[in-house]
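Let me begin by presenting the structure, written as structure tokens, before commenting on it.
By convention in this document, chain letters (A, B, ...) are assigned in the order of the sequence lines, proteins followed by strands, and residues within each chain are numbered from 1. Hydrogens, waters and symmetry mates are skipped; everything else that's a heavy atom, side chains included, is used.
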Amino acid sequence: QKEVEQDPGPLSVPEGAIVSLNCTYSNSAFQYFMWYRQYSRKGPELLMYTYSSGNKEDGRFTAQVDKSSKYISLFIRDSQPSDSATYLCAMPNQAGTALIFGKGTTLSVSS
Amino acid sequence: GAVVSQHPSWVICKSGTSVKIECRSLDFQATTMFWYRQFPKQSLMLMATSNEGSKATYEQGVEKDKFLINHASLTLSTLTVTSAHPEDSSFYICSASRGAMGGNTIYFGEGSWLTVV
């Protein structure tokens with residue numbers, strides 16, 4: 001089983017839709033959970049991060065962590081065409097020496 | 001926010017030649033830098049971790065003699081692809097850490113597209 005699993009999509013939604021992106025992970029020791037956004041042919045940029053369980057909201061974005069299920073989610077409200085990108089979940093490995101990335105979900109928001 | 005600069009952003013080279021990619025942390029000292037490789041529609045795959053002043057730690061399956069990493073200062077790490085072949089064509093991305101792993105301490109460069117012809 002891979003340490004981090006993420007459905008690569010692609011996911012296509014109309015403008016204004018609510019988007020749900022998800023990852024599962026296998027190591028219960030993971031504590032930090034990050035979401036990165038990557039536009040085509042660009043480096044990833046940090047979107048949100050959470051520590052341990054719970055929710056964190058930032059504008060139209062909400063990150064949710066359920067450690068009991070080893071499941072993390074990113075919700076995007078009122079999605080915009082500019083949200084079209086690949087979203088990668090990431091978490092530090094147990095040794096804290098590097099980030100482990102999910103495969104990334106490609107999102108397309110049509111106007 | 002913190003900025004990590006990568007250069008060149010794209011490069012085309014002939015098969016058999018070597019190419020150097022630079023990664024600089026512009027406004028902070030990065031004790032650790034990471035080099036990733038990303039093929040189209042694939043995730044980022046960690047190649048190696050480099051700490052300033054010491055040898056890089058390579059991930060399993062990554063040839064250290066082919067992908068030379070030098071972390072000469074707290075703000076600069078370089079990746080040299082030696083004797084490049086077409087299969088080395090990929091998107092190479094560096095990241096720099098300015099503290100303990102987690103949260104908002106990791107910053108990524110814009111990536112470098114390498115095409116070997």
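Here the straight-line distance linking atom CD of E110(B) with atom CD of E45(A) works out to 8.5 Å at 0.5 Å rounding. Separation of atoms CG (L99(A)) and OG (S97(B)) is listed at 8.5 Å; rounding is to 0.5 Å. One distance of note links OH of Y36(A) with CD1 of I106(B); it measures 6.0 Å at 0.5 Å rounding. Separating the CG atom in L46(A) from the CZ atom in F108(B) is a distance of 9.0 Å, to the nearest 0.5 Å.
Residues I72(A) and V4(A) share a hydrophobic cluster, clusters being chains of Ile/Leu/Val/Met/Phe/Trp/Tyr side chains in contact below 4.5 Å. When hydrophobic clusters are built by joining Ile, Leu, Val, Met, Phe, Trp and Tyr residues whose side-chain heavy atoms come closer than 4.5 Å, directly or via intermediates, V65(A) is grouped together with I76(A). Linking Ile, Leu, Val, Met, Phe, Trp and Tyr whenever their side-chain heavy atoms come within less than 4.5 Å leaves W35(B) and M45(B) in two separate clusters. Placement of M33(B) and L46(B) in two distinct hydrophobic clusters is found when ILVMFWY residues are connected by side-chain heavy-atom separations under 4.5 Å, directly or transitively. Transitive grouping of hydrophobic side chains (ILVMFWY, heavy atoms separated by less than 4.5 Å) brings L11(A) and W35(A) into a common cluster.
Of the atoms belonging to P8(A), not a single heavy atom falls under 4.5 Å from chain B. Both the backbone and the side chain of L44(B) come within less than 4.5 Å of a heavy atom of chain A. Neither the backbone nor the side chain of Q6(B) comes within contact range of chain A; no heavy atoms are under 4.5 Å apart. Residue Q31(A) does not touch chain B at all, counting heavy-atom pairs closer than 4.5 Å.
Taking 4.5 Å as the heavy-atom cut-off, the residues of residues 100-111 of chain A that approach chain B are F101(A), G102(A), K103(A), ordered by number.
The candidate from P10(A), S40(A), A90(A), G43(A) with the greatest count of non-hydrogen atom pairs under 4.5 Å with chain B is G43(A).
The neighbour count for K64(B) NZ, taken as heavy atoms of other residues, nucleotides or ligands under 6.0 Å away, does not exceed 12. A 6.0 Å sphere centred on CH2 of W113(B) holds more than 12 heavy atoms belonging to other residues, nucleotides or ligands. A 6.0 Å sphere centred on NE2 of H7(B) holds no more than 12 heavy atoms belonging to other residues, nucleotides or ligands. For K67(A), the NZ atom is densely surrounded, since the number of other residues' heavy atoms within 6.0 Å is greater than 12.
In terms of heavy atoms, F91(B) sits closest to Q38(A) at CE2-NE2, 3.8 Å.
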